[in-house]
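I have placed the structure first, in the form of structure tokens, so that the comments after it can refer back to it.
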Amino acid sequence: MAAFMMVQNEGERLRKERTFRERSTALDILTDRELIERYRFPRQGILSLTDLVTQDIQRPTARCHAIPPFLQVMVTLRFLAKGDFLSETADIHGISKASASRCVEEVTSSICKRLQNIKLPRGNAEIDAVKEGFYKIARFPNVVGAVDGTLIPIQRPHEDEPAYICRKGFPAINVQAIANSDLRFSNIVVRWPGSTHDSFMLTNSSVPGYMDQIPNSWLLGDSGYPLKKWLITPLLHTPNDQETRNVIERSFGVLKSRFRCLHKTGGHLPYKPPKSVKIISSCFKLHNKCIDDGVPLLNIEDGGNEVEIENHIDMPANHNRDAQTIRQRLVNRF
């Protein structure tokens, strides 16, 4: 019995005392400009996001030192904005790495669920507004969006690895997106492995069905897509064609400049595909919120908001004859 008591006392002496680090008060200390530089949103934007997701992330506990919702949001925004190591993000905010990982998981899941701000235009008024925006760029008529894909590097998956290796040789998620003239995304598809061709993603999305319902309207794509009645691909690299389709490349450039975790300079998302998909989707939605809220893009990162051009594999020229007629008519008129 005495030996047991000695072992128990020794264990109590060796047990590490639990300590609580001082947590960040950046929301009260930093100016709006400094918050945008570090978290991509001003104080009001951070608080509005907190209100949006609190129901999902607030922990119903009577224990002390639960991480408040606003701090969970700030941890997540910092990770998305800077693409830092999760341990560094955790240290900055006075929490453990494990806690920071849970914050990113829960906040991005809630953003995907609650922030519904990516949608294709519906109704004549919305569609006409989108068309007018594109027409002002290069006087190209009836355009309701520019479509393209972009590769987001991820951790090498253990299952079905070859499917995720993209044409550039690294594991990735291939994301399809449609952007408007104001660089706002109106549609995204975030689920396909990196080896998936852009044309396959488009064919297996809801976009063809949507476009069939709005006559005399077109999407603009590059040579990686097949020519269709509603999808105009380049015949000649005319200035108007390049300037209009450049909208989607610039949209990707601004997105990745805001959220460096998606940019190649940030290495890759250190997560399995399901979690990476949620992080990518939440970044697209936060990008749209930045535009809706009028948050400026501050060129504070190396490289600024450079446009990252994707080199696509051209589609064979076996296009629909009616689509060829429509494209030629556009070339002749504009």
Side-chain angles (χ1 to χ4, degrees), residues 32-33 35-50 52-53 73-84 104 107-121 130 133-134 145-154 172-191 245-266 268-269 275-301 303-310:
D32 275 348
R33 180 183 177 86
L35 286 170
I36 293 172
E37 289 175 347
R38 292 161 175 79
Y39 300 93
R40 299 306 185 249
F41 286 93
R43 186 174 189 275
Q44 187 56 46
I46 294 172
L47 292 177
S48 69
L49 276 173
T50 302
L52 181 69
V53 303
V73 171
M74 294 188 71
V75 168
T76 303
L77 290 177
R78 177 75 180 209
F79 173 75
L80 300 180
K82 296 292 188 177
D84 292 336
V104 172
V107 173
T108 54
S109 295
S110 183
I111 288 173
C112 290
K113 174 183 175 182
R114 302 284 181 183
L115 190 57
Q116 300 299 323
N117 62 352
I118 298 179
K119 60 179 183 177
L120 290 163
V130 173
F134 276 101
V147 62
D148 204 356
T150 189
L151 296 166
I152 308 297
I154 65 169
I173 299 290
N174 196 3
V175 179
Q176 173 186 290
I178 297 175
N180 295 337
S181 59
D182 59 359
L183 309 187
R184 194 179 189 280
F185 293 103
S186 61
N187 181 263
I188 59 171
V189 178
V190 190
R191 66 188 182 97
R245 285 190 300 107
N246 191 42
V247 164
I248 185 64
E249 300 292 356
R250 289 190 291 120
S251 299
F252 287 144
V254 172
L255 168 76
K256 294 180 182 181
S257 182
R258 275 199 170 107
F259 301 106
R260 306 299 286 189
C261 68
L262 305 182
H263 197 274
K264 59 185 179 182
T265 58
H268 63 267
L269 290 175
K275 189 170 182 177
S276 296
V277 163
K278 285 193 290 188
I279 290 174
I280 296 167
S281 298
S282 64
C283 286
F284 274 86
K285 295 188 174 193
L286 291 171
H287 166 87
N288 274 9
K289 180 172 173 56
C290 285
I291 293 177
D292 293 342
D293 294 352
V295 179
L297 178 68
L298 303 177
N299 291 325
I300 56 172
E301 312 286 359
N305 60 336
E306 74 279 8
V307 175
E308 183 179 346
I309 303 297
E310 300 280 358

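Numbering starts at 1 and runs along the sequence shown.
Between I46 and Y39, the shortest heavy-atom contact is CD1-CB, 4.2 Å. Nearest heavy atom pair, residue L269 against residue I280, reads CD1-CG1, 3.8 Å. Scanning all heavy atoms of the two residues, the minimum distance from I248 to A177 falls at CD1-O, 3.7 Å. Of all non-hydrogen atoms in R258 and R40, the two that sit nearest each other are O-NE, 2.5 Å. Nearest heavy-atom pair, F134 versus V247, reported as atom, atom and distance to 0.1 Å: CE2-CG2, 4.0 Å.
With rounding to the nearest 0.5 Å, the separation of CZ in R43 from CG in L35 is 9.0 Å. The CZ atom of F41 sits 11.0 Å away from the OG1 atom of T50 when rounded to the nearest 0.5 Å. Between atom OG of residue S251 and atom CZ of residue F185 there is a gap of 4.5 Å, rounded to the nearest 0.5 Å. A distance of 6.0 Å separates CD1 of I188 from CZ of F284, quoted to the nearest 0.5 Å. Distance check: C283 SG to L255 CG gives 6.5 Å after rounding to the nearest 0.5 Å. Between the NZ atom of K289 and the CG atom of L49 there is a distance of 5.0 Å, given to the nearest 0.5 Å.
Using a 4.5 Å cut-off on side-chain heavy atoms (C-beta onward), K256 and I152 make contact. Looking only at side-chain heavy atoms (C-beta outward), I36 and P42 come within less than 4.5 Å of each other. In this structure the side chain of L286 reaches within 4.5 angstrom of the side chain of L77, judged on heavy atoms.
Of the possible donor and acceptor atoms, none in the side chain of R114 sits under 3.5 Å from a partner among the backbone N and O of V53. In terms of modelled atom types and a separation under 3.5 Å, the side chain of N288 and the main chain of N117 share a donor-acceptor contact. Side-chain atoms of S257 never come within 3.5 Å of backbone atoms of G253 as a donor-acceptor pair (strictly under, hydrogens ignored). Between the side chain of S110 and the main chain of V107, no donor-acceptor pair closer than 3.5 Å is present. The backbone N or O of C112 lies less than 3.5 Å from a partner atom in the side chain of K285, making a donor-acceptor pair. Using modelled atom types, no side-chain atom of H287 and backbone atom of F259 make a donor-acceptor pair closer than 3.5 Å. Checking side-chain atoms of S282 against main-chain N and O of I279 turns up a donor-acceptor pair under 3.5 Å.
Legend: side-chain hydrogen bond (donor to acceptor under 3.5 Å, both in side chains) pairs involving residues 178-191, not counting sequence neighbours, sorted by first then second residue: R184-D292.
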